[in-house]
Amino acid sequence: VRVYSTVANLPFLFKLQGGTAVEITENIPVANEWHTFEIDFSGVTNNNNPQLVIFPNAGSNDAGTYWIDDVRFKRAGYTGCVSDYETPAT
């Protein structure tokens, strides 16, 4: 997720909801620049959460303007090997 904010050091809450809710909060570090958040929900499984909700300025009363772009869902990479046909058997 890329976010542009006119105010720095504000919390952004990323929440999976619709099942058992999961929340991750991170601050935007700088103002008037695009910032990329890489929110990792890979530890959450079988919670039946069909919705991602983003709360800019969560829990704060500071005014600001926010642009949100490039929201992407990616699967975590698989690091195991099912079959290795490239290494000769010993």
Side-chain angles (χ1 to χ4, degrees):
V1 176
R2 291 179 359 119
V3 175
Y4 187 97
S5 172
T6 57
V7 182
N9 298 316
L10 293 178
F12 275 70
L13 172 64
F14 299 88
K15 180 178 182 180
L16 291 178
Q17 68 180 24
T20 303
V22 179
E23 299 179 354
I24 297 176
T25 302
E26 290 195 15
N27 287 347
I28 191 157
V30 295
N32 302 314
E33 290 183 20
W34 285 99
H35 175 71
T36 301
F37 288 103
E38 294 188 15
I39 307 302
D40 185 3
F41 287 108
S42 65
V44 180
T45 59
N46 299 323
N47 280 9
N48 299 318
N49 292 314
Q51 302 168 340
L52 170 66
V53 182
I54 301 172
F55 295 91
N57 205 7
S60 177
N61 292 327
D62 297 327
T65 302
Y66 315 102
W67 290 270
I68 298 173
D69 197 8
D70 295 335
V71 177
R72 297 181 193 172
F73 286 94
K74 294 182 182 179
R75 287 184 167 240
Y78 182 72
T79 58
C81 184
V82 176
S83 297
D84 181 1
Y85 295 105
E86 301 198 11
T87 304
T90 58

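Counting begins at 1 with the first residue of the sequence.
If you chain together hydrophobic residues whose side chains sit under 4.5 Å apart, Y4 and F14 never meet in one group. There is a path of hydrophobic side-chain contacts, each under 4.5 Å, that joins V71 to Y66. Put simply, F37 and V30 are part of two different groups of oily side chains (I, L, V, M, F, W, Y) that touch within less than 4.5 Å, one to the next. In terms of hydrophobic clustering, with Ile, Leu, Val, Met, Phe, Trp and Tyr side chains grouped at heavy-atom distances under 4.5 Å, I54 and W67 are assigned to different clusters. Linking ILVMFWY side-chain heavy atoms closer than 4.5 Å, directly or via other members, places V1 and F55 in two distinct hydrophobic clusters.
Among residues two or more places apart in sequence or in another chain, the side chain to side chain contact (heavy atoms under 4.5 Å, CB included) test is passed with V7 by S5, L10.
Pairing each heavy atom of P29 with each of A8, the nearest pair is O-CB, 3.7 Å. Across all non-hydrogen atoms, the minimal contact from P50 to G19 is CD-N, 4.5 Å.
How far CG of L16 is from CG of N48: 11.5 Å, rounded to the nearest 0.5 Å. Summarising the geometry, atom CG belonging to N27 is positioned 10.0 Å from atom CG belonging to N57; distances are rounded to the nearest 0.5 Å.
A donor-acceptor pair is defined here as one N or O able to donate and one able to accept, closer than 3.5 Å; such a pair exists between the side chain of T6 and the backbone of T65.
Side-chain contact between N49 and F41 is absent, with no heavy-atom pair separated by less than 4.5 Å.
Listed by first and then second residue, the salt bridge (Lys or Arg N to Asp or Glu O under 4.0 Å) pairs involving residues 13-27 are K15-E23 (not counting sequence neighbours). Among pairs with a residue in residues 28-38, none fulfils side chain to side chain donor-acceptor pair (under 3.5 Å), at least two apart in sequence or across chains.
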